[in-house]
4 protein chains.
Amino acid sequence: MCRVEKAKPVGRPPNTATSAALKEAALRLMRENGFRKVSITDIASAAGVARQTLYNRWKTKADLVLKAVFEETALVAAEPDAAGEESCRVQLERFLSNVFRHVERDGDAMRSLIAAAQEDEAFQEEFRTRFILPREEMVTGLLRRAQERGEIGRNRDPELLSTLIHGAMWYRMLNGQVVGSAFAHDIVEEVFRS
Amino acid sequence: MCRVEKAKPVGRPPNTATSAALKEAALRLMRENGFRKVSITDIASAAGVARQTLYNRWKTKADLVLKAVFEETALVAAEPDAAGEESCRVQLERFLSNVFRHVERDGDAMRSLIAAAQEDEAFQEEFRTRFILPREEMVTGLLRRAQERGEIGRNRDPELLSTLIHGAMWYRMLNGQVVGSAFAHDIVEEVFRS
Amino acid sequence: MCRVEKAKPVGRPPNTATSAALKEAALRLMRENGFRKVSITDIASAAGVARQTLYNRWKTKADLVLKAVFEETALVAAEPDAAGEESCRVQLERFLSNVFRHVERDGDAMRSLIAAAQEDEAFQEEFRTRFILPREEMVTGLLRRAQERGEIGRNRDPELLSTLIHGAMWYRMLNGQVVGSAFAHDIVEEVFRS
Amino acid sequence: MCRVEKAKPVGRPPNTATSAALKEAALRLMRENGFRKVSITDIASAAGVARQTLYNRWKTKADLVLKAVFEETALVAAEPDAAGEESCRVQLERFLSNVFRHVERDGDAMRSLIAAAQEDEAFQEEFRTRFILPREEMVTGLLRRAQERGEIGRNRDPELLSTLIHGAMWYRMLNGQVVGSAFAHDIVEEVFRS
DNA sequence: GACTAACCGAGACGGTACGTCGTGTCTTAGT
DNA sequence: ACTAAGACACGACGTACCGTCTCGGTTAGTC
């Protein structure tokens, strides 16, 4: 029998407070000034930390910000776990409203991340796997349940619908337009029309 | 009394061939390496031109590329001028197919432009006015005609549909997925389902 | 017939005041703090100039300092042009006294340069060619004239004597000892003893 | 009454093999790459030892190397203990030949040490006391004996001669020229000429 | 035979300097 | 007036060492 022993770390362990300070500084500065405008030097000195320390933990600025955003939104985006009698339509609208509200706050950060992903293959991949796909699957899953319950027709394609929904959000966001609960309502209306 | 109708230019006029060479170099290099990876210095020296010459004609790298892309796509995106008996559905699908085919070639440039727009207010505005809105209106107009002809219901919202359509395209493009004629067909199917 | 036209410079010419300021700052800082302790950044900012400007003109800090020292000492080390009835012995003693007085002032800089030369082949070569050899030849020439005049014997080797003389100076200098006119006198005494 | 004769060490004593490994690695790396090019990190990892271990035993890289060189050359430079009938002239020539041969091997290390001494007061002092002065005194002593024996005149200054001799060696060494037995012979010839 | 102080490997961390790159502006001289 | 070439200030980049500091684990010699 073979138990996997977790690799025992040697040497001085990284100071978790330092990591936290860096993440916090990165998110704050990025929200204030945008991803591009913030330099690694800025983040490090805002966190009161040597620049090298940042390089010790993340490969790039994008890497750091990405991880920081993940941690923050991990909780926020908790699946509605839609039990009960509530209709999928209502659930979707509430989910979109929540997401859109979040975008109202962190939209600039997201825009910056999407922009950064366009210039960096590896970043793109990680962003997609850890951020985009999970959200896509939430919507796809919800729509599939709606199909099972007969709220939308058998002939509809949940994945295409999910692309349309997220695409609409991105399109508005990236064009500097508002995304709010009214927009969420309109989208749901269109998707669920008989 | 003497009014100056148009400022008569004195001195040596700008060499139009130079502008063309710069645009050509900019587009080529950007297609090969992406917007961010190409520096103004690169473009200028690829065109065999001094950097200042570039600054004399465009404010920024983004400005140059934007103008260059406009000129190239001006012809491509010529309005279908939808006369005749052809259904709007068919027209829309053909239009989307055309656009998508173009995206397959210049998608990287477009992605770069969209990314650049996220970090530059003025660029965003110009990109939106001269590139995005015209395309949006083409689709909106087409859908409105479809509504008049009864191809889609009175209760549908052409602008929302246009956002959904363009959004889907952007979403796929920015996530590094293919956009092809099959995708165009699926979208049209969804939009025109009764 | 082929006349060598001197390469006509194009573009904005380097600002000579900038070069002068950099050289001056470099020499001053090096005299105050020593070669190693002075960073390129220090020199550039002391001269009120961008760091890149320094890199545009000299390959390394050593390169800059070397050139600066050359220019300064070019005049100082003007050959005695030993005309007249004065004995070579007197001429040599005066020459050494002059050099030693100079060392009293710039000895630290010279020590730094010699040190730097030990870690950099190319620097060593240039230092040797442009600084050391000329001085060596002055002494060798003087001794050769002394030989012709019968002030020293035919069997003596001017080059060996020059090595002994300069070596003594270096040895004292590099060991932090004083080199003064008394030392010059003692050396000459030893060299010219019958 | 209890006087502490020597502080009795408690706890685990330093591993002597570790010190030896560090010294060996330091000398080897320095001979291969020169003093400046070798970092403390390099030495420590070449010896398979943590950096801190090095700092526990020596204050600086120079300190380590200096000590290591001392130990190695302590034996080499064993005084000729000039007994017997051999003339001082022969003894000096043999001594210089030995030293010069050693320089042929470890000259680069010595050059590096001399260079390092120019930038570090304390290092200079230690280098001088423990390395240079002993060698100087060997030569001075030898010359004084030569004077007593009448091999050189009463009016000569042994210390000046020693400075000339060592200076010549340094001068050649620091200028990247060879120092060999022929050079030793020439020097002795000059010193002992009547 | 257990205790305990020092040793030791490994790596975190704040610094400082490095050399390179790109941007936007400027200064020349030549067209 | 435009162009080619290049100077220049500025600011960010990623890397390399330095010297110090924390960890966890290991001895060697006393109690």
Side-chain angles (χ1 to χ4, degrees), chain A residues 8-19 36-45 47-57 59-61, chain B residues 9-15 18 36-45 47-57 59-61, chain C residues 8-19 36-45 47-57 59-61, chain D residues 8-19 36-45 47-57 59-61:
Chain A
K8 200 188 302 174
V10 293
R12 175 175 173 179
N15 184 348
T16 49
T18 303
S19 287
R36 287 289 306 283
K37 298 263 182 69
V38 176
S39 72
I40 286 185
T41 306
D42 291 341
I43 297 173
S45 61
V49 150
R51 211 148 41 91
Q52 184 56 49
T53 300
L54 198 154
Y55 285 112
N56 285 341
R57 296 163 192 236
K59 279 201 294 294
T60 64
K61 184 176 44 158
Chain B
V10 290
R12 177 175 173 181
N15 183 350
T18 304
R36 288 287 307 280
K37 296 269 183 67
V38 177
S39 71
I40 287 186
T41 307
D42 291 340
I43 297 174
S45 63
V49 149
R51 257 203 343 279
Q52 185 55 51
T53 304
L54 197 153
Y55 285 110
N56 288 341
R57 294 158 195 238
K59 279 200 296 293
T60 66
K61 182 173 50 156
Chain C
K8 200 189 302 176
V10 293
R12 175 177 173 177
N15 184 348
T16 50
T18 302
S19 286
R36 288 286 309 280
K37 297 265 182 67
V38 177
S39 71
I40 287 186
T41 306
D42 291 341
I43 297 173
S45 61
V49 150
R51 210 149 39 92
Q52 184 57 50
T53 301
L54 199 154
Y55 285 111
N56 285 342
R57 294 161 193 236
K59 279 201 293 294
T60 65
K61 183 175 46 158
Chain D
K8 200 189 300 176
V10 290
R12 177 177 174 180
N15 183 350
T16 51
T18 303
S19 288
R36 288 287 308 280
K37 296 268 183 68
V38 177
S39 71
I40 287 188
T41 307
D42 290 341
I43 297 173
S45 63
V49 148
R51 258 203 342 283
Q52 184 56 50
T53 303
L54 198 153
Y55 285 111
N56 287 341
R57 294 156 196 238
K59 280 200 295 295
T60 65
K61 181 174 50 157

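Per chain, numbering begins at 1; letters A, B, ... match sequence-line order.
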Query raised in the report: Run the side-chain contact (heavy atoms from CB on, under 4.5 Å) check on V49(B) and L54(B) step by step: do they pass?
Result: CA-CA 8 Å; V49(B) 149; L54(B) 197 153; 5.6 Å; no
The criterion is side chain to side chain donor-acceptor pair (under 3.5 Å); which residues satisfy it with [X], sequence neighbours excluded?
X      : answer
S39(C) : D42(C)
S19(A) : R57(A)
R12(A) : none
T53(A) : none

Starting at [atom1] of [X] and ending at [atom2] of [N], how long is that distance when rounded to a whole Å?
X      : N       : atom1 : atom2 : answer
L54(B) : dA4(F)  : CG    : P     : 11 Å
R36(D) : dA17(E) : CZ    : C1'   : 12 Å
K61(A) : dG14(F) : NZ    : P     : 9 Å
K59(A) : dC13(F) : NZ    : C1'   : 17 Å
I40(C) : dT16(E) : CD1   : P     : 17 Å
I43(C) : dG19(E) : CD1   : C1'   : 15 Å

Query raised in the report: Of the non-hydrogen atoms in K61(C) and R36(C), which two are nearest, and what is the gap between them?
Result: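 Shortest heavy-atom separation between K61(C) and R36(C) comes out as NZ-O, 4.0 Å.
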For nucleotides 3-6 of chain E, tabulate all protein N/O to nucleotide N/O atom pairs closer than 3.5 Å, reporting atom names and distance.
none

Query raised in the report: Does V49(A) or A47(D) map to a spot on DNA chain E nearer the 5' end, using the closest nucleotide for each?
Result: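 Result of the comparison: A47(D).
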Query - Whichever of T60(C) and Q52(B) has its nearest DNA chain E nucleotide further upstream toward 5' - result: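 Nearest nucleotide further toward 5': that of T60(C).
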Query raised in the report: Are T53(D) and dG9(E) close enough that a side-chain N or O sits under 4.0 Å from OP1 or OP2?
Result: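 T53(D) to dG9(E) OP1/OP2: side-chain N or O found under 4.0 Å.
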Query raised in the report: For dT16(E), does OP1 or OP2 lie under 4.0 Å from any side-chain N or O of T41(C)?
Result: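 For dT16(E), OP1/OP2 do not have a side-chain N/O of T41(C) under 4.0 Å.
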Query raised in the report: Relative to the 5' end of DNA chain F, which residue comes earlier, T18(B) or D42(D), by the nucleotide with the nearest heavy atom?
Result: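 Result: T18(B).
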Report task. Identify, between Y55(A) and K37(D), the residue whose nearest nucleotide on DNA chain F lies closer to the 5' end. Result ->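 With Y55(A) and K37(D) compared, the 5'-side residue is Y55(A).
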Requested in this report: Using a 4.0 Å heavy-atom cut-off across all strands, classify N56(C) as base, sugar-phosphate, or nothing.
Outcome: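 Contact class for N56(C): none.
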Report task. Would you please name every residue forming a side chain to side chain contact (heavy atoms under 4.5 Å, CB included) with A44(D), sequence neighbours left out? Result ->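 With neighbours one apart ignored, the set is R51(D).
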Query - Under-3.5 Å donor-acceptor pair between R51(D) side chain and dG11(E) base - result: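 Flag unset: no donor-acceptor pair detected.
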